[in-house]
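Please read the structure below before turning to the comments.
Order of the sequence lines fixes the chain letters, A, B, ..., with proteins taken first and strands second; residue numbering starts at 1 for each chain.
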Protein chains: 4
Amino acid sequence: MPAVKTKRMPRAVREQQMLDAAVKIFGQRGYMAASMDEIAELAGVSKPLVYLYLNSKEDLFSACIRREAKALIDAVRAGARPDLPADRQLWSGLTAFFTHTARNPDGWSVLHLQARTHGEVFAGEVAAMRAEIVAFVTQLILAAARDAHRDPDLPAAEVAGLAEALVGAAESLADWANATPGVTARQAAATLMNFAWAGLGDLMNGHRWVPPADDEGDQQGSTSPVR
Amino acid sequence: MPAVKTKRMPRAVREQQMLDAAVKIFGQRGYMAASMDEIAELAGVSKPLVYLYLNSKEDLFSACIRREAKALIDAVRAGARPDLPADRQLWSGLTAFFTHTARNPDGWSVLHLQARTHGEVFAGEVAAMRAEIVAFVTQLILAAARDAHRDPDLPAAEVAGLAEALVGAAESLADWANATPGVTARQAAATLMNFAWAGLGDLMNGHRWVPPADDEGDQQGSTSPVR
Amino acid sequence: MPAVKTKRMPRAVREQQMLDAAVKIFGQRGYMAASMDEIAELAGVSKPLVYLYLNSKEDLFSACIRREAKALIDAVRAGARPDLPADRQLWSGLTAFFTHTARNPDGWSVLHLQARTHGEVFAGEVAAMRAEIVAFVTQLILAAARDAHRDPDLPAAEVAGLAEALVGAAESLADWANATPGVTARQAAATLMNFAWAGLGDLMNGHRWVPPADDEGDQQGSTSPVR
Amino acid sequence: MPAVKTKRMPRAVREQQMLDAAVKIFGQRGYMAASMDEIAELAGVSKPLVYLYLNSKEDLFSACIRREAKALIDAVRAGARPDLPADRQLWSGLTAFFTHTARNPDGWSVLHLQARTHGEVFAGEVAAMRAEIVAFVTQLILAAARDAHRDPDLPAAEVAGLAEALVGAAESLADWANATPGVTARQAAATLMNFAWAGLGDLMNGHRWVPPADDEGDQQGSTSPVR
DNA sequence: TATGAATGAGAGTTCATTCAT
DNA sequence: TATGAATGAACTCTCATTCAT
């Protein structure tokens, strides 16, 4: 199923066709197993043209990462509604996120799976995008604290860890949702909200789970999670 | 830096050396980018010997997966203490998990990153291990419910999603901890406990975050996470 | 002594060059001992080009067999003259056959020697060609019977055996002629005609050599071949 | 189905086991495709022992050729009965030949198929055996001439060609008989006697098939084969 | 006599990349 | 703008052969 072979298209269009093909192949096969031959064929052009426009396999992969990262960020941004309370913002952001990853499984695979397995260069490009999302979530956590009129004295490092955990959980759930038929974006988002939001709330109220003083042999409990 | 060339070792020993080398190379480069030459050199043996003992690149990779999966499961099992309350069990299991992944970053990479990007066969081997862990966590969640003498009427599907989210979050945090200098296993475990345990407790009390009825246009909040 | 390196030739031409080289190498070394490197070098191209056009060593060998089989059949067909009496037809067919095998020793080696030692697939391709020739000879034997206005009541099975023997003898003589300097195609053909034609004639007259009733102990001769 | 592993056997016995295995493998796979591993396993010994006794793959193959050549010659010799008339001698020799090749298909394959496709060294070893047989047949032809009390003035070269043709036909028929279920050694021998003996007789009476003076365009017949 | 451990050398095959038009 | 023709380099895998015991 190569693209219809239309000759003499403007460069920008051809490039998008190539990127479409590349994202699909890279997403399904991985960087190393993807072959430029297959990508060119799927794009409906000759291999030299791919090189003329995208320069090399590495550059092509980079371009895929950048395009898909931007698309994902844009989707999440479009889902966010700064006027809503923090929990609603998180909810809509998550929903947008899961919707996008469900609609673009290959792009998501490129970002989350493939880019991280090959060289620091690619990983760096993804890390930049991820940092943006973590920052967004961090902001929400702090906003939630403000909404609650509490200054729960959360140290920055702790907030960072929480944001990281939330984003990490979201990423894992995206893979899970894509791999599990019948799980919708809303369900994935709801699962995560249920899982995380109360915990965050507790934290802000100063209820935290305190690790036992000593790993071995100590018996002392902690704030019981079940009230 | 090839291993010291000790000659004429019994087969079982050589095999472990080869697996050590293979896990390292596979973990760092990925399945496709790893070359049998490099693995053999790192193991301090000739390539034919690798083939004689491990048969093929695929089989070698499989053997790595199986060995590392077993090691991980064993580590978590050794960390679990069935006599403790559920939260303490989760805590010690998580600590063991993060400790193991921190000490075996290459093995963890093989399991979590590399094995999932190449062929259903490999993914299946990992999935089996993951299923064991998810089952363990699921058990803990149910035990927590029992501990609290509540029958919170959590539907099985919801418990599955929660366990999935928890395991997913743990996996992501393991990557994060490995990539972020200065984060200890205990810190990672504490972050996740804080993040998750209170939420689970709330859920069992029937406090759940209810998504807005309609994505577009509805303004009304929900159970506020921040009290 | 690689072929003169002429660059940028149309595919069809290059393919023939490759087949030329392959037939030579396969014919001289055999299928297994022939190396794609050597073939590519003799063809004056790089190995990848051989693979691009001919796909694999097996396919290349198959292509050689098909090309050489066709050439041989065509040569024999071109030599046949359906208007002549049967003996003359056989003579001209044999002459064409020995001429062709003498001019294409490598092709003949591929067909007769090499193709039969590797896998049923290859043997099958040659068998098809051989069957055509045997059919042609069978026809001639029957035509000779008709020419003689005899119905010698030759059973089909016997005719088949005779045709087989004649073709087998021709094949062996082709090898012998190629290996023995100074033996021309005409000489080989004459030898075979002398050897076979009178015997056939006798057979059609009902003079056949009758084997002794019992292998051991019987003394009695048979129709003496020498009158 | 490796040979039963009996330890510490006298060298001569072990060598025969190895040759048995080697002939089987060489005969079925060909020289190049046969692997020393497979031969050693089939022989029920370790590879170094094969090298200790037989020295190298080449030497092993040579030994196979020599053993099988001797066996074949011996079989034919044992079948010959110098006291009989020439035709009966030929008959019994042929029968012995076809019987032996039918009982030792792998050995026959080594001699007739495999040895001729690899290097002049091996071909030479077979040629020596073949020469013996051709000499035997030549003798018979001359004896037949004597029996007939004729000195048909057959030039030596012609006799050589005839013997060659007869032996070649026999070789081809051996392959054919081995490949065609239901064809017995006696049938093969009878076919060849019928095919050849009358022709020889005619020749000795001076009836020979005379080739047309000119290949192209000449119409002139020849001694009609059908009287 | 006999073998487990080990390897140098080379096979077929594929791929990212470029040249010439 | 676009492509058929072509290749250097690297990969997985196999094999005949030897060493040390």
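Using a 4.5 Å heavy-atom cutoff, the side chains of B/Q114 and B/S109 are in contact. Counting heavy atoms from C-beta on, the side chains of B/D106 and B/V23 come closer than 4.5 Å.
A donor N or O paired with an acceptor N or O is not found under 3.5 Å between the base of E/dT3 and the side-chain atoms of D/K47. In the interface, the side chain of D/K57 is not paired with the base of F/dT17 through any donor and acceptor atom under 3.5 Å apart. No N or O donor and acceptor, one from the side chain of B/R8 and one from the base of F/dA20, sit under 3.5 Å apart.
To the nearest angstrom, P of F/dA10 lies 16 Å from CE of B/M32. Separating the CG atom of D/L49 from the C1' atom of F/dT18 is a distance of 14 Å, rounded to the nearest angstrom. Look at CG on D/D37: it is 14 Å from P on E/dA5, rounded to the nearest Å. If you take CG of D/L52 and C1' of F/dT17, they are 13 Å apart, rounded to a whole angstrom. Rounded to whole angstrom, the span from the CE atom of D/M36 across to the C1' atom of E/dA9 amounts to 17 Å. Across the protein-nucleic acid pair, A/R29 atom CZ and E/dT14 atom C1' stand 14 Å apart, rounded to whole Å. D/N55 has its CG atom 13 Å from the C1' atom of F/dA16, to the nearest Å. Look at CG on A/L54: it is 12 Å from P on E/dT17, rounded to the nearest Å.
Distance CE/B/M18 to CD/B/E15: 7.0 Å, rounded to 0.5 Å.
Judged purely by atom type and a 3.5 angstrom limit, A/R67 has no side-chain atom pairing as donor or acceptor with the backbone of A/A63.
When each of F/dT3, F/dT14, E/dA6 is scored by its nearest atom to the side-chain atoms of B/M9, the top-ranked nucleotide is E/dA6. Closest to the side chain of B/S35, out of E/dA6, E/dA2, F/dC11, is F/dC11. In this structure, of F/dT12, F/dC19, F/dA6, it is F/dA6 that holds the atom nearest to the side chain of C/Y53. With distances taken from any side-chain atom of B/P48 to the nucleotides F/dA2, F/dC15, E/dT18, the minimum falls on F/dC15.
If you find the closest nucleotide of DNA chain F to C/A12 and to D/A33, the one lying nearer the 5' end belongs to C/A12.
Checking E/dA20 for Watson-Crick or G-U wobble geometry (two distances, each under 3.5 Å) identifies F/dT3 as its partner. In this entry F/dC11 has E/dG12 as its Watson-Crick or G-U wobble partner, both defining distances falling under 3.5 Å.
Residue-level contact check: A/A34 touches the backbone only, with heavy atoms under 4.0 Å from sugar-phosphate atoms and none from bases. Residue contacts shown for D/R11 are absent, as no nucleic acid heavy atom lies under 4.0 Å away.
Close to E/dA2, at under 4.0 Å from its OP1 or OP2, lies a side-chain N or O of D/R14. Under 4.0 angstrom from either OP1 or OP2 of E/dT14 there lies no side-chain N or O belonging to C/Y51.
The nearest pair of heavy atoms linking B/F122 to B/E58 is CE2-O, 3.8 Å.
Annotation for C/K24: atom NZ does not count as buried by contact number, only 12 or fewer foreign heavy atoms lying within 6.0 Å.
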